[in-house]
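For reference, the structure is listed below as structure tokens.
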Number of protein chains: 2
Amino acid sequence: MESSVPPTRQTISTNGHLPAARDADFVVDYLHRLRFTRDVFNPANPTLAEAMGRGGQRRARVFVDAGVAAAWPDLQQRIEAYAKSHADVLHFARPMQIVPGGEAVKNDPAHVQAIVRGMHEAGLCRKSYAIAVGGGAVLDAVGFAAAMVHRGVRLIRLPTTTLAQDDAGVGVKNGVNAFGKKNFLGTFAPPWAVINDELFLTTLSDRDWRSGLSEAVKVALVKDAAFFDQIEATAPRLRTRDHEALLPIVRRSAELHLNHIVSGGDPFELHEARPLDFGHWAAHKLEQMSEFRIRHGEAVAIGIGIDAAYSALLGWLPPGDAERIRRCLMNLGFELANDQLREAHSLLDGLGEFREHLGGRLTISLLRGIGTADDAHEIDHALMTKAIIAASPS
Amino acid sequence: MESSVPPTRQTISTNGHLPAARDADFVVDYLHRLRFTRDVFNPANPTLAEAMGRGGQRRARVFVDAGVAAAWPDLQQRIEAYAKSHADVLHFARPMQIVPGGEAVKNDPAHVQAIVRGMHEAGLCRKSYAIAVGGGAVLDAVGFAAAMVHRGVRLIRLPTTTLAQDDAGVGVKNGVNAFGKKNFLGTFAPPWAVINDELFLTTLSDRDWRSGLSEAVKVALVKDAAFFDQIEATAPRLRTRDHEALLPIVRRSAELHLNHIVSGGDPFELHEARPLDFGHWAAHKLEQMSEFRIRHGEAVAIGIGIDAAYSALLGWLPPGDAERIRRCLMNLGFELANDQLREAHSLLDGLGEFREHLGGRLTISLLRGIGTADDAHEIDHALMTKAIIAASPS
């Protein structure tokens, strides 16, 4: 894993002695490890220990979503048993630290401060591991803390929700909210490893089990028509919480998200790269307007419905496809009607906030067809208001 | 500036359908712009506007070290006049924000919060610019805020002290202190550009004018024997604050620091890369022990003296060279004796803290000769105590 170092690109000599201007290129390389397993803390399961590598015993601390800790009351004992069986690579300096789950952890800076303190108390260094076990919000908050401590402690994500396993957990971002703006603070920081343990999905509430499916729909619509067909065909089984039906959907969605990062050419969105955010401008705003009563995945489902309708009204997407998308989401159990949608004017403010967060000119992903996205740089507010109404089946 | 995307390195197929483990490489590329100029806010000076590029008018906000604001009472007017002349590329959404100078800004999290709020109020996005004008501590704090806001606002550093211009300003790090540990929180985040304006050096206190010279000595000792000869020969003029003598020293030191980042192969120290930190384990601890009454550059001079003496006691460095280094530092005006050195035991605690911050096993740069460094992984505490005494000319 050597970096290639291109030569200095340009020097403008002025005083004959040393240049007054120098532009120097350099690259940073990363390795992203994605694993799928079952029962990660079973001492017989080598996945976690192998992902940590063989560089001798490393310090680690586990940070656990309070919801996960409640669903798995013997988690601390399981973690200790695992460490005992893998003492050659792994030493837990402190017991696991419990972190509030859901958006609450991203809204109050005291939570990130407590996580940072937990890393300090455990004496984690840059070669130590912070292991984050939980939903997307907990992964975001622990990841943000890990990115800051010593300028980067190694982060291993164990996503526990459908949404975290099929999308957020794979990503190279972290963040918390501030000034009422979602993810106003954060960094781009690739995880050391992401381990999707299907066992965690079995104890989810129906709401958390389902809501992440909207991200699989999103990535299918933007990247992979055949995957959309698969989700559509599986929807009745997914609606009734068929675990075996869920696993290939989660896996394919995670793969597509990872592909976008490693082959997009601009993983940290430094230039013109677009994140996979079809339907997300409205989703972010809906979450905020509802004071996060609407979950991210639920908001994304509504946002997908709106932007599919807008794509159709614009003449980009065949109207039948917009209807097919809407029906698929409803077959998955999503409610596309929501009181917040009556405040179309407030919702449209989300366009400006979305632009500010990504920077530069407004860019909204729309659909040319199922599996094919294209960028729009202007949004007709009257037409979008129509789309908001059309997407809401009241 | 395209990223090259290497193919997925390894897939371990298990269930025939999608792999259970995937290791995916990707790279992120950066462009580091280093400029030397005089009178950066003179409307006729194109350096700043050109460094921002020609992508249309961008939002910006200037964050100024309180010490600089005091030394340049017309700075706000100068900034406004500059913006007026360069309105095609640059729009200051808010007046400059004053930031406390010196280590204080890194010790109280309220200061970084105020900077973050200032970026929020100015509506900065990822394509906007935070322009930091000040000494190393202010650059560190503003850089940390800029790295977090929207996961990265573009940072332009205008270092104003010798130390910031010849070392810290060029780097790819930022950070603040926490739990009594220097730079406990921060990120690796390359600046958009660094502009060294020699005019700022003219209003420095003698102490700030001089103390950064120790970083030039450091990089010379580690990388470039001829540069050490040059500093040694220039020392009498530098001691009496000869501006023309200073400029080539600052320039060469900044160049050597930039070279280390772009050609070291591991600029974010993710693997085994060593930062240019000869003499720094003791320096960090001395700063902390003195509650930051000793400036970083002053502490580095003392730390260089100690590690040169230790290198000699170890038989790595000819004793005459250690003496030559000590004399050069004293000729530059550094005091190598300090009350804190009597607490050798406390000082030695700095070795453990240094190891924790960098992670992995202890690695201390020592000298094999002037211009040639080598790593030591064990430090003999009794011998180091002798070095501390030897380096202190009481």
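- Proximity to chain A (any heavy atom under 4.5 Å) is restricted, for Asn174(B), to the backbone atoms N, CA, C and O.
- With chain B as partner, the option from Leu270(A), Asn183(A), Val194(A), Leu358(A) having the largest number of non-hydrogen pairs under 4.5 angstrom is Leu358(A).
- Distance check: Asp23(B) CG to Leu34(A) CG gives 9.0 Å after rounding to the nearest 0.5 Å.
- The most heavy-atom pairs under 4.5 Å with chain B, out of Glu269(A), Arg355(A), Gln113(A), come from Glu269(A).
- Looking at heavy atoms from C-beta onward, Ser263(B) lies out of side-chain contact with Phe26(A) at the 4.5 angstrom threshold.
- Listed by chain and residue number, nothing satisfies the salt bridge (charged side-chain N to carboxylate O under 4.0 Å, His left out) test with Asp349(B) (two or more places apart in sequence, or in another chain).
- Between His120(A) and Phe179(B), the angle of the ring planes stays under 30°, which puts this pair in the parallel group of the 30/60° scheme.
- Residues of residues 121-129 of chain B placed with any heavy atom under 4.5 Å of a heavy atom in chain A are listed by number as Gly123(B), Leu124(B), Cys125(B), Arg126(B), Lys127(B).
- Contact annotation for Pro109(B): neither backbone nor side-chain heavy atoms come within less than 4.5 Å of a heavy atom of chain A.
- In this structure, the separation between OH on Tyr30(B) and CZ on Phe268(A) is 5.0 Å, given to the nearest 0.5 Å.
- Put simply, of Arg154(B), Met119(B), Lys173(B), Arg59(B), the one with the most heavy-atom pairs under 4.5 Å next to chain A is Lys173(B).
- Interatomic distance, Leu31(B) CG to Asp25(A) CG, rounded to the nearest 0.5 Å: 5.5 Å.
- Interface remark: Arg117(B) contributes backbone and side-chain atoms alike to the contact with chain A (heavy atom separation under 4.5 Å).
- Val262(A) is listed as a side-chain neighbour of Arg22(B), based on a closest heavy-atom distance under 4.5 Å.
- Side-chain contact check for Val172(B) versus Arg151(A): every heavy-atom pair is 4.5 Å or farther apart.
- Heavy atoms of Lys181(B) lying under 4.5 Å from chain A belong exclusively to its side chain.
- Using the six-membered ring where Trp is involved, His150(A) and Phe184(B) have ring planes that are perpendicular, over 60° apart on the 30 and 60° scheme.
- Smallest separation of non-hydrogen atoms from Thr187(B) and Ala147(A): CG2-O, 4.4 Å.
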List the steps and the verdict of side chain to side chain contact (heavy atoms under 4.5 Å, CB included) for Val149(B) and Leu185(A). CA-CA 5 Å; Val149(B) 168; Leu185(A) 295 174; 3.9 Å; yes
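- When the candidates Ile261(A), Thr37(A), Val116(A) are compared by the number of heavy-atom contacts under 4.5 Å with chain B, Val116(A) comes out ahead.
- The shortest side-chain heavy-atom distance between His271(A) and Asp29(B) falls under the 4.5 Å cut-off.
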